[in-house]
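Beneath this line is the structure, given in structure tokens, with notes to follow.
All ligand and atom numbering here is 1-based and tracks the order in the structure.
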Amino acid sequence: MNLVLYGAPGSGKGTQANMLRDHFGIPHIATGDMLRAEIQAGTPLGQKAQPILAAGHYVSDDIMIGMIRNRLRRPDCEPGFIMDGFPRTVPQAEALDLLMGELEKRFDRVIYLKVDVDELLHRLSGRLVCPTCQRTYPPATAACAADGSELVQREDDKPEAVKPRIEIYLEKTVPVLDHYRGGGLVSEIDGRGTIDEISLQILTAVNGSATPTRRTA
Ligand code: ADP
């Protein structure tokens, strides 16, 4: 099962990607998390990426494509994977098509989580995140419900970075959807509603009649 989760910052991709990872037992490939891990580790790439992320801008296509080429070749991707945060530009989508061809894989579905811009701005400003498991929470939440960690604000959820992120998304990432619409791969899901309601709609789009139960094995 090879999936792309597509949506604006704040659309709920990360939350639903975690659900899909648990449900299908396939890796969640989140380019934002990969970049933040590089920053945390202080690698040369992390040092280069840090000010770019803090400003809400995009890291270069070359870097991101290289990162994904390495990641998709790893054996844990063999049974499938969930892409979250990539492709974010049309050149990235074109490079991914080539790579998928080389790997003799294809996407089963592109899930588009649709949320309007006012709601995105509202969700992102003040959002808190767990530094351990990356789950997100509304403002003023005390601790992570999953692991008890103290929550932090992501640097790019600060007000000065939220607006550029949405603007860049509208300019560079919205055209990616048209790239996939042509292939009839896109399922549009209303990103409002409860997490469970949205999960159910996603699973129904992915495999017809699934229920959002967690894998136990
Ligand atoms: P969100 O979707 O909420 O903005 P992410 O965690 O997916 O958050 O990404 C955080 C940041 O990482 C982006 O704002 C951007 O700077 C960088 N980034 C992640 N994926 C890509 C990508 N495919 N291309 C360019 N930059 C990326």
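- Using modelled atom types, no side-chain atom of N2 and backbone atom of D108 make a donor-acceptor pair closer than 3.5 Å.
- At least one donor-acceptor pair closer than 3.5 Å links the side chain of Y137 to the backbone N or O of A145.
- Within 4.0 Å of ligand 1, protein heavy atoms belong to P9, K13, T31, G32, L35, R36, L53, H57, Y58, V59, M64, G85, F86, R88, Q92, R127, R154, D156, R165, listed by chain and number.
- A salt bridge is defined here as a Lys NZ or Arg NE, NH1 or NH2 lying under 4.0 Å from an Asp or Glu carboxylate O, and E78 with K105 meets this definition.
- Not one N or O on the side chain of R21 forms a donor-acceptor pair closer than 3.5 Å with the backbone of P27.
- Under a 4.0 Å N-O distance rule, the pair R69/E102 qualifies as a salt bridge.
- Considering only residues two or more places apart in sequence or on other chains, F86 meets the ring pair (Phe, Tyr, Trp, His ring centres under 6.0 Å) condition with none of them.
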